[in-house]
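It should be emphasised that the depicted structure is a prediction, and the values quoted were computed from it without experimental measurement.
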Amino acid sequence: QQPQHRLLKTIFEKTLNYKDSLFNDITAWTMPLAFGLPYSELNAAQYNSNLLGEKITAPAKLNGGVDGEKSNYGYLMEWNELLAPAALYEFQKNNLITKTAGVKFEITAAGNNKTFNAGTIFIPVNNQTADATTIFSLLDIIAKKYGITIYSIQTGNAISGIDMGSRKFSALTKPNIAMITGAGVSASAGEVWHLLDQRMNIPATHLEPAIFNRIDITKYNTLIMVGGTYADLNKEKLKTWVGNGGNLILLEEAVQWASQNGISNVTLKKAKAAVDSTLRKPYTDGEEIDGAQQLSGAIFIADIDLTHPLAFGYTENTISLFKDNKVFMEKSKNPYATPFFYKEKPLQSGWLSKENNDVLKNSAAVVVNTIGSGRIINIDSDPNFRAFWLGGTKLMMNAIFFGKIIDAERGRVEE
């Protein structure tokens with residue numbers, strides 16, 4: 001009975017059956033999967049009018065601020081909000097000490113008992129350069145700016161789980177970010193730039209390979225590389241930077257490049273050929289057979305280890321990822337270093353050939369490497385696809401803010 005019922009169906013539908021296997025563009029657009037929204041499909045027998053809520057006539061206004069009185073102890077911010085990373089960066093930009101919780105805990109916040117999940121940000125009042133009144137005012141301004149709630153706490157003693165003084169709270173470092181851009185680099189670099197600059201108000205320096213090769217890169221602690229060709233990049237300089245504590249985030253084909261050039265120790269998988277090389281096939285069949293093996297853009301479901309820093313802020317144990325490349329990774333030999341992985345039936349919507357399905361199933365979506373004292377975060381997909389794939393935003397921001405706190409031994413692989 002929706003006046004735009006065809007549009008509604010298009011927004012929600014999953015496509016798995018095709019009359020053809022050649023595509024001009026991506027093969028899946030399912031919007032709730034892109035936004036990371038839990039939803040269910042109802043058939044006619046399951047539907048009844050009691051399920052209807054109030055009609056939405058205008059967007060809900062985002063309200064934010066500090067919940068509770070000024071504290072002389074500290075404040076907590078949940079990490080599940082989309083713009084929580086923007087708020088965290090502003091805390092750090094204002095020289096506030098920030099920490100993140102490694103596990104769940106319950107504490108009295110703003111006068112009520114409340115459970116906080118792993119990833120929750122703790123801003124202590126003690127040992128800050130600003131006084132308690134200034135901190136309260138600053139946090140309230142930032143919370144209102146981004147429409148998030150910050151909770152005042154008057155004690156560090158938890159009701160259950162970890163106390164605020166626990167070693168399971170990790171101190172966070174403000175990310176100083178550089179990106180490799182320029183000729184040969186995928187347009188997805190623009191998606192990362194948009195996410196940081198437009199959504200999160202986080203600056204990032206753009207370095208073309210020639211500039212990277214000649215400047216001092218030690219002033220950056222985070223480097224992002226998207227898909228592309230990096231033949232002119234100084235590989236030894238990059239490897240040394242990572243080994244000295246850098247946080248390197250690799251997306252799509254950059255994962256493949258780093259593995260093939262000895263920078264990371266990810267093991268790649270390769271799909272079997274679609275045609276037996278010993279058989280003769282008509283010349284005119286080549287385009288159709290080869291085209292069917294392209295991964296033009298489909299949606300896949302990956303399991304998440306919700307205890308891993310790269311999964312902080314997610315509440316479901318699966319995530320929908322958009323993939324339009326043929327980079328396939330083996331799971332790490334370290335049992336703790338594959339926090340996102342595909343299971344036996346990864347396809348949610350879109351076209352996937354049998355050969356690509358066989359290599360993708362039971363493979364890794366995200367692998368963490370420890371190189372020296374640095375980390376390499378390998379992501380086989382594009383978590384920021386066309387700047388609308390909001391379901392992957394938390395993964396990208398976790399890689400930026402929490403990559404450096406991943407335990408070194410949880411990413412190390414014996415040679």
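Put simply, the residue from V413, I263, N265 that forms a side-chain contact (heavy atoms from CB on, under 4.5 Å) with I371 is N265. Partner of M396 under the side-chain contact (heavy atoms from CB on, under 4.5 Å) criterion, chosen from L251, L196, L310, I377: L251.
Across all non-hydrogen atoms, the minimal contact from A171 to I405 is O-CG2, 3.9 Å. What you find for A365 and M329 is that their closest heavy atoms are O-CE, 3.5 Å. Closest non-hydrogen pair, A28 versus S349, comes out as CB-O, 3.4 Å. Considering all non-hydrogen atoms of both residues, G119 and F312 come closest at CA-CD1, 3.4 Å. Pairing each heavy atom of L347 with each of A298, the nearest pair is CD1-CB, 4.1 Å. Between T222 and P175, the shortest heavy-atom distance links the atoms OG1-CB, 4.0 Å.
Remark: the Y75 side chain and the D140 side chain contain no N/O donor-acceptor pair separated by less than 3.5 Å. Side chains of E13 and T15: no donor on one and acceptor on the other come within 3.5 Å. A side-chain donor from one of Y342 and D380 sits under 3.5 Å from a side-chain acceptor of the other. With 3.5 Å as the limit, one finds a donor-acceptor pair spanning the side chains of T133 and K70. Side-chain N/O atoms of S320 and Q348 include a donor and acceptor closer than 3.5 Å.
Under the 4.0 Å criterion applied to side-chain N and carboxylate O atoms, K323 and D382 are not assigned as salt-bridge partners. A salt bridge links K145 with E90; the closest basic N to acidic carboxylate O contact falls under 4.0 Å. The pair E78-K114 counts as a salt bridge, with a side-chain nitrogen and a carboxylate oxygen less than 4.0 angstrom apart.
Crowding of K104 atom NZ: a count of heavy atoms from other residues, nucleotides or ligands under 6.0 Å not exceeding 12. Counting non-hydrogen atoms of neighbouring residues, nucleotides and ligands closer than 6.0 angstrom, the NZ atom of K14 exceeds 12 such neighbours. Within a 6.0 Å sphere centred on CD of E69, other residues, nucleotides and ligands contribute 12 heavy atoms or fewer. Within a 6.0 Å sphere centred on CG of L52, heavy atoms belonging to other residues, nucleotides or ligands number more than 12. Within 6.0 Å of NZ in K99 there are 12 or fewer heavy atoms belonging to other residues, nucleotides or ligands. The number of heavy atoms from other shown groups lying within 6.0 Å of CG (N17) does not exceed 12. In the displayed structure, K331 atom NZ is contacted under 6.0 Å by more than 12 heavy atoms of other residues, nucleotides or ligands.
Using a 4.5 Å heavy-atom cutoff, the side chains of D324 and F322 are in contact. Between Y220 and I177, the closest side-chain pair of non-hydrogen atoms is not below 4.5 Å. For the pair L76/I153, a side-chain contact is recorded, criterion being any heavy-atom separation below 4.5 Å from C-beta on. Using a 4.5 Å heavy-atom threshold, the side chains of Y89 and I142 count as separate.
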- request: Under the side-chain hydrogen bond (donor to acceptor under 3.5 Å, both in side chains) rule, what do K61 and N63 come out as? Steps first, then yes or no, please.
  value: CA-CA 6 Å; K61 185 179 179 181; N63 295 312; 4.9 Å; no

field: Chi angles and distances behind the side chain to side chain contact (heavy atoms under 4.5 Å, CB included) call for L37, M31
entry: CA-CA 9 Å; L37 300 175; M31 294 299 287; over 6 Å; no

- request: Check step by step if side chain to side chain contact (heavy atoms under 4.5 Å, CB included) holds for S296 and I26.
  value: CA-CA 5 Å; S296 303; I26 66 175; 5.8 Å; no

Chi angles and distances behind the side chain to side chain contact (heavy atoms under 4.5 Å, CB included) call for V266, N369: CA-CA 8 Å; V266 163; N369 294 155; 3.7 Å; yes

message: Working note: N113 + T108, criterion side-chain hydrogen bond (donor to acceptor under 3.5 Å, both in side chains); need CA distance, chi angles, decisive distance, verdict.
response: CA-CA 4 Å; N113 295 347; T108 301; 2.9 Å; yes

From CA spacing to verdict: side chain to side chain contact (heavy atoms under 4.5 Å, CB included), N221, N247: CA-CA 6 Å; N221 57 25; N247 182 33; 6.0 Å; no

- request: Could you please spell out the steps behind the side-chain hydrogen bond (donor to acceptor under 3.5 Å, both in side chains) verdict for N362 and E344?
  value: CA-CA 6 Å; N362 300 316; E344 190 69 20; 2.9 Å; yes

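For the pair S71 (side chain) and G74 (backbone), a donor-acceptor distance under 3.5 Å is present. Of the possible polar contacts, none joining the S137 side chain to the T134 backbone as a donor-acceptor pair under 3.5 Å is found. Looking at Y314, its side chain does come within 3.5 Å of a backbone N or O of L395 through a donor-acceptor pair. In this structure, T27 contributes its side chain and G350 its backbone to no donor-acceptor pair below 3.5 Å. Under a 3.5 Å cut-off, the side chain of T30 and the backbone N or O of L33 do not form any donor-acceptor pair. A distance-only check finds no donor-acceptor pair linking the side chain of K345 to the backbone of K361 [under 3.5 Å]. Remark: side-chain polar atoms of R375 are not paired, donor with acceptor, to backbone N or O of L248 under 3.5 angstrom. Remark: the backbone N or O of Y73 is not paired with any side-chain donor or acceptor of Q154 at under 3.5 angstrom. When atom types are taken as modelled, the side chain of R199 and the backbone of A387 share a donor-acceptor pair closer than 3.5 angstrom. Using a distance-only test at 3.5 Å, with no hydrogens or angles considered, no donor-acceptor pair links the side chain of R167 to the main chain of G165.
Ring pair F105/F169: centre-to-centre distance below 6.0 Å. Taking the centre of each ring, F116 and Y151 come in below the 6.0 Å mark.
Taking NZ of K93 as the start and CG of L88 as the end, the distance is 12.0 Å to the nearest 0.5 Å. Atom CD1 of residue I107 and atom CG of residue D163 lie 7.5 Å apart, to the nearest 0.5 angstrom.
By the 30° and 60° cut-offs, the orientation of the rings of F388 relative to F35 is tilted. Ring orientation note: the planes of W79 and F402 are tilted relative to one another, at an angle of 30° to 60°.
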